[in-house]
Amino acid sequence: MRERNYASHPQLDRSVQTLRDAGVRVPLGEPDGFVPNPSGEGSPETYPWHLTLAAARGLA
């Protein structure tokens, strides 16, 4: 059985927008540049950690 694609669940978009409205930078989708692959079709080693680390550095 294939893993469910949580990135396509409508609640995810609402949650991300709520966080962004509160001033949180969420490195997911546009405008932050990371768009997840469909479930089971990506490779974890290609995750753009530089985006996450840059966001964290911006908080320091």
Side-chain angles (χ1 to χ4, degrees):
M1 183 170 144
R2 285 184 68 95
E3 180 182 331
R4 188 173 155 193
N5 187 354
Y6 292 103
S8 67
H9 193 283
Q11 184 59 47
L12 178 64
D13 289 334
R14 291 191 293 267
S15 297
V16 168
Q17 190 58 52
T18 298
L19 289 167
R20 287 183 174 148
D21 289 346
V24 176
R25 183 170 177 208
V26 181
L28 177 66
E30 299 302 328
D32 295 311
F34 173 65
V35 178
N37 293 315
S39 182
E41 294 182 19
S43 55
E45 62 276 2
T46 63
Y47 179 80
W49 284 106
H50 66 281
L51 295 175
T52 303
L53 295 172
R57 282 186 203 101
L59 297 173

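Numbers for residues simply follow the sequence, beginning at 1. Because only heavy atoms are used, hydrogens play no part in the values below, and waters and symmetry mates are left out as well, while side chains stay in. Keep in mind it's a predicted model, so treat the numbers as computed, not measured.
The structure places CG of Asp21 at 13.5 Å from CZ of Arg14, a figure rounded to the nearest 0.5 Å.
Considering only residues two or more places apart in sequence or on other chains, Glu45 meets the side-chain contact (heavy atoms from CB on, under 4.5 Å) condition with Ser43. Residues forming a side-chain hydrogen bond (donor to acceptor under 3.5 Å, both in side chains) with Arg57 (at least two apart in sequence, or on another chain): none.
Between Gln17 and Asp13, the side chains place no donor N or O within less than 3.5 Å of an acceptor N or O (distance only, hydrogens not considered).
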